[in-house]
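Keep in mind that the numbers below use all heavy atoms, side chains included, and drop hydrogens, waters and symmetry copies. Starting from 1, each residue takes its place in the sequence as its number.
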Amino acid sequence: MAGRKIALQVFTLLSILSSVANSIDFNYPSVFNFGDSNSDTGDLAAGLGFLLDPPNGQIYFRTPTGRFCDGRLIVDFLMDAMELPFLNAYLDSVGVPNFRKGCNFAAAGSTILPATATSVSPFSFGVQVNQFLRFKARVLELLAKGKRFDRYVPAEDYFQKGLYMFDIGQNDLAGAFYSKTLDQIVASIPNILVEFETGIKKLYDQGGRNFWIHNTGPLGCLTQNVAKFGTDPSKLDELGCVSGHNQAAKLLNLQLHALTKKLQGQYADSNITYVDIYTIKSNLIANYSRYGFEQPIMACCGYGGPPLNYDSRISCGQTKVLNGTSVTAKACSDSTEYVNWDGIHYSEAANQYISSQILTGKFSDPPFSDRMPFLLNLKF
């Protein structure tokens, strides 16, 4: 395990030093994050009044923290690399949260399209943007009352100088596969992106000028989707991933990239960066052994054993009676060997690798490298 971490650190350093692409300024005083479970640091748990079952969040954080992971998420690694504190969730009021360096509005299960009565999460992208508007208005009210709140909330100029991060959209596609055909899902992509563009415009109108947009990863490689939609081998690609899901993700990303280019031209006074998460994650799954992993698709925390160790009837950490027997979905002995944590989300070790690749700047449009002073201070 130690050898794998050292190898990853060396690989990351070499990637950084060899990157000579054009750069952008990446020295931000605060971060405002929007998304789903990939970057939820506690909103769903707080908003719906429950904590995740152990062992979620316990390897690194020691106690459950509302993260759907065995430790740090990508957003945690990125914040750490920028020497900024982990983001407090907007809805989590427990433990005197500090929002000086930003706020996290991401909530697990969220979609870009407005939530419906059957949605997993009511906190769709539009709701998250409205939460930000309320957050900003309240912050400005507090700042107007004097300096006693300064250490708890962002300074007024942080809203313009800060970074707005987005990692959302996978649930719009993945959830749709349970009731729609691939053609119907593809036809819905323009409407999804209209909703996303509307949210970006609202944030721009509020003074936001620095936008960081993650595309959608290879949904067909998530254990849950392989278990549900991959029972027919003809539906799988050469990596063992569900082809239709990945095709939908690629088409969404193609149009999202085009939208990003449009916004870059429309908002010439802004920095808008598109990050190709799909390529990073696909490369990890295709070359998992090169980076020290042993299982690219099988879940670490689940029930059922190989080849997938996933049962939709019982989630990571739960104990239930199945077929007359009480069983528990337990974590594997070493999660650093697994790309997938619980069938739906990536492990901390995988998030570490993905973050290291993001920080090379080679998977972004525009690319960046030489104006990121925190890069050589990675604490992975």
Side-chain angles (χ1 to χ4, degrees), residues 1-16 37-41 52-81 86 167 217-218 221-224 226-227 239-241 277 279-310 315-318 328-360 363 375 377-380:
M1 180 170 133
R4 189 193 73 82
K5 289 184 177 180
I6 292 173
L8 179 56
Q9 290 176 17
V10 172
F11 177 82
T12 302
L13 183 59
L14 290 175
S15 297
I16 293 166
S37 58
N38 284 329
S39 58
D40 182 353
T41 55
L52 298 179
D53 293 313
N56 284 291
Q58 289 190 326
I59 289 181
Y60 182 75
F61 294 100
R62 309 305 175 195
T63 57
T65 59
R67 286 166 170 80
F68 288 80
C69 184
D70 59 316
R72 288 164 288 185
L73 306 175
I74 293 172
V75 65
D76 295 315
F77 282 110
L78 296 181
M79 295 297 292
D80 196 39
F86 294 143
D167 194 328
C221 299
L222 295 177
T223 321
Q224 180 188 63
V226 175
L239 298 179
C241 304
I277 298 294
T279 295
I280 296 174
K281 290 182 175 179
S282 295
N283 180 58
L284 170 59
I285 292 167
N287 302 287
Y288 64 94
S289 60
R290 176 184 175 188
Y291 306 117
F293 293 90
E294 296 186 9
Q295 297 292 341
I297 294 178
M298 185 168 77
C300 164
C301 187
Y303 174 74
L308 298 177
N309 194 37
Y310 180 82
S315 301
C316 171
Q318 289 185 334
T328 301
K330 298 180 179 179
C332 58
S333 59
D334 186 357
S335 62
T336 66
E337 297 177 351
Y338 289 70
V339 170
N340 196 286
W341 165 239
D342 59 1
I344 307 172
H345 309 97
Y346 284 67
S347 67
E348 181 188 53
N351 287 334
Q352 173 185 335
Y353 167 80
I354 295 164
S355 302
S356 74
Q357 294 307 287
I358 291 172
L359 292 171
T360 66
F363 297 92
L375 279 180
N377 193 33
L378 297 178
K379 296 183 285 294
F380 298 156

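Here the side chains of Thr328 and Tyr303 are not in contact, with every heavy-atom distance at 4.5 Å or above. Side-chain atoms of Tyr346 and Leu222, non-hydrogen and from C-beta on, do get closer than 4.5 Å to each other. A 4.5 Å side-chain heavy-atom check between Cys69 and Asn351 finds at least one atom pair inside the cut-off. Looking at heavy atoms from C-beta onward, Thr41 lies out of side-chain contact with Phe86 at the 4.5 angstrom threshold.
Remark: side-chain polar atoms of Asn287 are not paired, donor with acceptor, to backbone N or O of Ser289 under 3.5 angstrom. Side-chain atoms of Asp76 come within 3.5 Å of backbone atoms of Leu73 as a donor-acceptor pair (strictly under, hydrogens ignored). Remark: side-chain polar atoms of Asp70 are paired, donor with acceptor, to backbone N or O of Glu348 under 3.5 angstrom. Judged by distance alone, the side chain of Ser282 and the main-chain N or O of Thr279 form no donor-acceptor pair under 3.5 Å.
Rounding to the nearest 0.5 angstrom, the gap separating the CG atom in Asp342 from the CG atom in Asn309 is 11.0 Å. Considering CD of Gln352 and CZ of Arg72, their distance stands at 6.5 Å, rounded to 0.5 Å. Ile285 contributes atom CD1, which lies 7.5 Å from atom CG of Leu239 (distance to the nearest 0.5 angstrom). Atom CD1 in Ile280 sits 6.5 Å away from atom OG1 in Thr360 (nearest 0.5 Å).
Considering every non-hydrogen atom in both Ala299 and Thr223, the closest pair reads N-OG1, 3.9 Å. Closest heavy-atom contact between Leu284 and Ala350: CD2-CB, 4.0 Å. Minimum heavy-atom separation, Gly71 to Arg67: O-CD, 3.6 Å. When every heavy atom of Tyr338 is checked against every heavy atom of Met298, the shortest pair comes out as CD2-O, 3.2 Å. Looking at every heavy atom in both residues, Val226 comes nearest to Cys241 through CG2-CA, 4.5 Å. Nearest heavy atom pair, residue Phe293 against residue Ser347, reads CE2-OG, 4.4 Å.
Checked against the 2.5 Å cut-off, the SG-SG distance between Cys301 and Cys316 falls under it.
The side chain to side chain contact (heavy atoms under 4.5 Å, CB included) test applied to Ser315 returns Gln318, not counting sequence neighbours. In this view, Asn38 and Asp36, Asp167, Gln170, Lys281 satisfy the side chain to side chain contact (heavy atoms under 4.5 Å, CB included) rule, not counting sequence neighbours.
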- Checking side chain to side chain contact (heavy atoms under 4.5 Å, CB included) for the pair Asn283/Tyr291: CA distance, chi angles, key distance, verdict? CA-CA 10 Å; Asn283 180 58; Tyr291 306 117; 2.9 Å; yes
Could you walk me through whether Val339 and Ile297 pass the side chain to side chain contact (heavy atoms under 4.5 Å, CB included) check? CA-CA 7 Å; Val339 170; Ile297 294 178; over 6 Å; no
